[in-house]
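Structure record follows, encoded as structure tokens.
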Amino acid sequence: MTLRTLGCSGTIVSDYALGTMTFGAEADESTSHAMLDAFAEAGGTLIDGADVYSGGRSEEIIGRWLAANPDQAERMVIATKGRFPMGSDANDHGTSRRHLRRALEASLRRLGVDHIDLYQLHAWDPITPLDETLSFLDDAIRSGLVSYWGMSNFTGWQLTKAVHRAAARGMDAPVTLQPQYSLLAREIEFELVPAALDAGIGLLPWGPLAGGWLTGKYRRDAAPTGATRLGEDPNRGMEAYDRRSADERTWLVLDALHAIAADHGVPPSRVALAWLQTRPGMTSVILGARTVAQLRDNLAAAELALTAEQLERLDAASAPRTPDYPYGELGVEQRARRL
């Protein structure tokens with residue numbers, strides 16, 4: 001794998017990260033450990049988790065693997081997140097000092113480590129004052145419990161506000177942003193990517209295969225069935241079959257993806273991942289898998305190089321639609337200036 005800095009920090013990570021949302025849910029412990037083995041064998045170093053994944057079981061599975069593999073554990077950069085509810089009480093949710101303190105302590109315990117390399121706010125909290133959250137993160141860094149902090153699922157104004165409030169208070173800046181990003185979800189390029197580039201923040205995209213859509217397993221003329229995410233739950237979240245299949249842009253992207261994959265003799269998923277690695281601000285693409293075979297197949301994308309013509313074709317097919325203002329041609333023209 002290619003090595004990159006973890007955003008604007010000096011820590012080095014692999015350009016593919018292992019996402020662990022399936023651990024303890026879609027992948028049992030033995031399968032999860034086998035995926036961690038395969039990831040380490042391939043040169044991967046960034047493991048991304050969250051306290052809410054499988055109600056904490058995912059972190060426990062990672063912790064037992066780290067304990068059983070001390071040599072590999074020494075190489076790994078451990079990332080996790082806090083914000084979503086881990087209990088039914090009103091204070092078991094959000095980014096308050098009270099909740100994040102308990103969330104961090106619980107993550108450290110489940111992972112069996114004495115510090116977290118990257119602690120991420122899993123989403124914006126509209127109730128907790130941002131300064132309270134930043135103070136907690138600053139204390140966690142000063143006490144050695146956390147090395148760096150990042151954000152997930154923030155909007156552009158939220159990211160920018162966090163960056164500038166941290167700077168105004170003399171606190172460590174965030175180093176990463178974890179957004180949804182794929183050929184079928186490029187809208188972050190309007191505001192989030194420019195904001196991240198302006199602040200020197202690295203991207204850790206989740207959902208790079210759009211919940212399975214970019215693997216080539218779904219067809220226009222047949223609803224999904226069988227042991228796939230949409231086969232088991234066709235109305236699942238943002239990747240729901242009826243939601244995505246009704247959009248003609250989905251099929252334009254898939255047609256281009258299949259054609260380029262055929263040119264290289266590889267699965268469409270590898271092309272989708274290789275395209276994402278070329279985008280500005282990329283630090284590490286988060287791979288989520290149910291099986292070792294899926295993970296190995298995705299990791300093989302590190303060996304695939306797309307031509308400029310192929311990248312242009314994918315860009316054109318996946319270009320997000322915009323109104324004239326503020327992101328469309330007329331709005332961009334208003335902000336343009338040439339010497």
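Just so we're clear, the structure is a prediction, and the values are computed from it rather than from any experiment. What you see below is based on every heavy atom in this structure, not just the backbone, and it leaves out hydrogens, waters and symmetry mates.
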| message | Which residues pass the salt bridge (Lys or Arg N to Asp or Glu O under 4.0 Å) test with Asp247, not counting sequence neighbours? | response | Arg321
| message | My understanding is that only residues two or more places apart in sequence, or in another chain, count here; which of them pass side chain to side chain donor-acceptor pair (under 3.5 Å) with Trp251? | response | none
What pairs of donor and acceptor atoms, side-chain ones from residues 183-194 against any protein atom, are under 3.5 angstrom apart with sequence neighbours left out?
residue: Arg186; atom: NE; partner: Glu189; partner atom: OE1; Å: 3.4
residue: Arg186; atom: NE; partner: Glu189; partner atom: OE2; Å: 3.0
residue: Arg186; atom: NH1; partner: Asp315; partner atom: O; Å: 3.0
residue: Arg186; atom: NH1; partner: Ser318; partner atom: OG; Å: 2.8
residue: Arg186; atom: NH2; partner: Glu189; partner atom: OE1; Å: 2.9
residue: Glu189; atom: OE2; partner: Tyr181; partner atom: OH; Å: 2.6
residue: Glu189; atom: OE2; partner: Arg279; partner atom: NH2; Å: 3.3
residue: Glu191; atom: OE2; partner: Tyr327; partner atom: OH; Å: 3.0

| message | Checking the side chain of Gln158 only, and the main-chain atoms of Thr155 only, is there a donor and an acceptor separated by less than 3.5 Å? | response | yes
| said: Consider side chain to side chain contact (heavy atoms under 4.5 Å, CB included). Of Ile47, Leu18, Asp48, which one does Ile62 pass it with? | reply: Ile47
| request: Assess whether atom CD of Glu248 is packed by more than 12 heavy atoms of other residues, nucleotides or ligands within 6.0 Å. | output: yes
| task | Provide the closest heavy-atom pair for Ile61 versus His33 in the form atom of the first, atom of the second, distance. | result | O-NE2, 2.9 Å
When the side chains of residues 295-307 are checked against the rest of the protein, which donor-acceptor pairs come out under 3.5 Å, sequence neighbours left out?
residue: Asp297; atom: OD1; partner: Arg270; partner atom: NE; Å: 3.4
residue: Asp297; atom: OD1; partner: Arg270; partner atom: NH2; Å: 3.0
residue: Asp297; atom: OD2; partner: Ser269; partner atom: OG; Å: 3.4
residue: Asn298; atom: ND2; partner: Gln294; partner atom: O; Å: 3.4
residue: Thr307; atom: OG1; partner: Gln310; partner atom: N; Å: 3.1
residue: Thr307; atom: OG1; partner: Gln310; partner atom: OE1; Å: 3.4

| field | Listed partners of Ser9 passing side chain to side chain contact (heavy atoms under 4.5 Å, CB included), at least two apart | value | Leu6, Thr11, Tyr148, Val175
| remark: side chain to side chain contact (heavy atoms under 4.5 Å, CB included) filter on Arg98, not counting sequence neighbours, yields Asn91, Ser96, Arg102
| field | Residues that Arg97 engages under side chain to side chain contact (heavy atoms under 4.5 Å, CB included), provided they are two or more places apart | value | Glu132, Ser135, Phe136, Asp139
| query | From Ile78 CD1 over to Asp117 CG, what is the distance, rounded to the nearest 0.5 angstrom? | reply | 6.5 Å
| task | Heavy atoms only: give me the nearest Ala289-Thr22 pair and the separation to one decimal. | result | O-OG1, 2.7 Å
| request: For His258, enumerate each residue passing the side chain to side chain donor-acceptor pair (under 3.5 Å) test, keeping only those at least two apart in sequence or located in another chain. | output: none
| said: Whether the side chain of Ser107 engages the backbone of Asp51 through a donor-acceptor N/O pair (distance < 3.5 Å, no angle test) should be reported. | reply: no
| remark: For residues 323-332, the salt bridge (charged side-chain N to carboxylate O under 4.0 Å, His left out) pairs (sequence neighbours left out) are none
| message | Please enumerate all residues that pass side chain to side chain donor-acceptor pair (under 3.5 Å) together with Ser182, with sequence neighbours excluded. | response | none
| message | Looking at every heavy atom in both Leu214 and Leu254, which two are closest together, and how far apart are they? | response | CD2-CD2, 4.1 Å
| said: Would you say that Lys161 contacts Val163 through its side chain, given a criterion of any heavy-atom pair below 4.5 Å between the two side chains? | reply: no
| query | Would Arg313 and Asp263 pass as an ion pair if we require N to O under 4.0 Å? | reply | no
| request: Please report the C-alpha distance between Thr80 and Gln120 in whole Å, then the side-chain angles of each, then the deciding distance to 0.1 Å, and finally whether the side chain to side chain donor-acceptor pair (under 3.5 Å) criterion is met. | output: CA-CA 6 Å; Thr80 195; Gln120 301 159 101; over 6 Å; no
| task | List the atom of Gly328, the atom of Thr322, and the distance in Å for their closest heavy-atom pair. | result | CA-OG1, 3.2 Å
| said: According to side chain to side chain contact (heavy atoms under 4.5 Å, CB included), who are the partners of His122, at least two apart in sequence or on a separate chain? | reply: Ala50, Val52, Tyr53, Lys81, Arg83, Phe84, Ser152, Asn153
| remark: Residues passing the salt bridge (Lys or Arg N to Asp or Glu O under 4.0 Å) test with Asp125, sequence neighbours excluded, are none
| field | Donor-acceptor pair, side chain of Asp138 and main chain of Leu134, under 3.5 angstrom | value | no
| salt bridge (charged side-chain N to carboxylate O under 4.0 Å, His left out) between Arg290 and Asp28, worked out | CA-CA 9 Å; Arg290 292 183 172 195; Asp28 61 19; over 6 Å; no
| remark: When every non-hydrogen atom of Thr160 is compared with those of Ala195, the smallest separation belongs to OG1-CB, 3.8 Å
| task | Tell me whether the centres of the aromatic rings in Tyr119 and Trp149 are closer together than 6.0 Å. | result | no
| said: If you compare all heavy atoms of Ser284 against all heavy atoms of Tyr16, which two are closest, and at what distance to 0.1 Å? | reply: OG-C, 3.1 Å
| request: Verify, without hydrogens or angle tests, whether Thr45 (side chain) and Ser14 (backbone) share a donor-acceptor contact under 3.5 angstrom. | output: yes
